[in-house]
Amino acid sequence: MNIKIVADSSANLLAFDGIPYASVPLKIVTAEREFVDDAGLNTGDMLTYIEGYSGKSGTACPGVGEWVEAFGDAEYVFTVAITSNLSGSHNSAVQAKAVYEEEHPGRKVCCLDSLSTGPEMVLIVEKLKELLDSGLSFEETEVRIREYMQKTHLMFMLESVENLAKNGRVSPLIAKAVGFLNIRIVGKASDVGTLQQLHKCRGEKKALETILAEMEGHGFTGGKVRINHAHNPAAAQALLELVRSKYPNIEATINPMTGLCCFYAERGSVMIGFEG
Ligand code: X90
């Protein structure tokens with residue numbers, strides 16, 4: 001099977017080995033500058049610029065043409081996009097599917113709405129590879145991946161929701177709750193793919209303990225874990241050590257967020273995708 005997996009850059013997965021893969025970039029935009037969320041982006045420089053910028057900043061999802069281009073000449077494509085409830089990316093992918101299948105009769109595209117982002121998308125991409133490697137057909141793979149997506153989850157810890165609030169991606173109620181010294185928001189991707197606040201915690205340690213408790217409340221019993229952080233490797237490591245103190249043998253990785261997630265989750269944040 002000539003197959004390809006294409007995810008948007010909110011997955012924080014610029015490259016993926018062992019199967020044809022492409023990352024389609026979102027963009028971070030101000031009146032003066034545009035940052036493309038690809039391998040050329042220095043997220044530290046971008047954050048420093050945004051943090052010192054007083055004008056309006058926002059983001060743009062990939063257009064239909066960018067998705068189509070990323071499909072290359074694959075016969076079968078799986079797209080994995082950030083939640084359609086917060087971005088137009090999945091919708092662009094669905095339109096790209098229509099264009100691609102029309103232009104190339106016989107080729108097939110399956111568009112998956114992650115209803116999440118970041119490390120939960122990584123779990124989906126990795127499971128897709130596993131299913132395809134095991135020799136399942138395109139159709140069987142779609143059934144199995146949709147089942148798998150029912151049991152994966154995303155939790156996060158945020159120090160600020162300023163950029164989310166300014167761009168209308170969280171309720172004003174949540175926006176009011178943060179900004180106080182040392183307060184961390186712990187939340188999750190809801191079942192409908194929105195940002196749901198679960199707790200306000202005092203300090204990082206408390207926030208990370210709360211994340212583990214919430215993971216267990218969502219069925220975590222030592223499955224696979226993927227962690228992303230925005231320039232906070234210490235917190236990512238502390239979270240992993242906390243999880244491992246109770247579940248010593250879990251399969252886990254830690255990776256930095258790329259541009260889109262750094263912009264919205266902001267400096268210091270941590271996200272964890274896990275199997276429930
Ligand atoms: O289309 C666009 O311009 C992109 C808009 C994306 C908005 C949301 C990004 C969220 C990034 C923040 C913490 C985790 C939230 C999980 C919600 C499902 C990460």
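Just so you know, ligand 1 is whichever comes first in the structure, and atom 1 is the first atom listed for that ligand. The model shown is predicted, which means the values in this text are computed figures rather than measured ones.
Residues forming a ring-ring contact (aromatic ring centres under 6.0 Å, His included) with F156 (at least two apart in sequence, or on another chain): none. For Y49, the ring-ring contact (aromatic ring centres under 6.0 Å, His included) partners two or more places apart in sequence, or in a different chain, are F35, Y53. Taking Y76 as the reference, F138 meet the ring-ring contact (aromatic ring centres under 6.0 Å, His included) condition, with sequence neighbours excluded.
Tested against E214 for a side-chain hydrogen bond (donor to acceptor under 3.5 Å, both in side chains), the candidates H153, H199, K188 yield a single pass: H199.
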Distance dump, ligand 1 polar atoms to protein, N/O, under 3.5 Å:
from     : atom 1 : to  : atom 2 : distance (Å)
ligand 1 : 1 (O)  : S87 : OG     : 2.7
ligand 1 : 3 (O)  : T59 : O      : 3.4
ligand 1 : 3 (O)  : T59 : OG1    : 2.5

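Contact of the S23 side chain with the Y21 side chain is registered, since non-hydrogen atoms from C-beta on lie closer than 4.5 Å.
Under the 3.5 Å distance criterion, with hydrogens and angles disregarded, a donor-acceptor pair is assigned to the side chains of T117 and S10.
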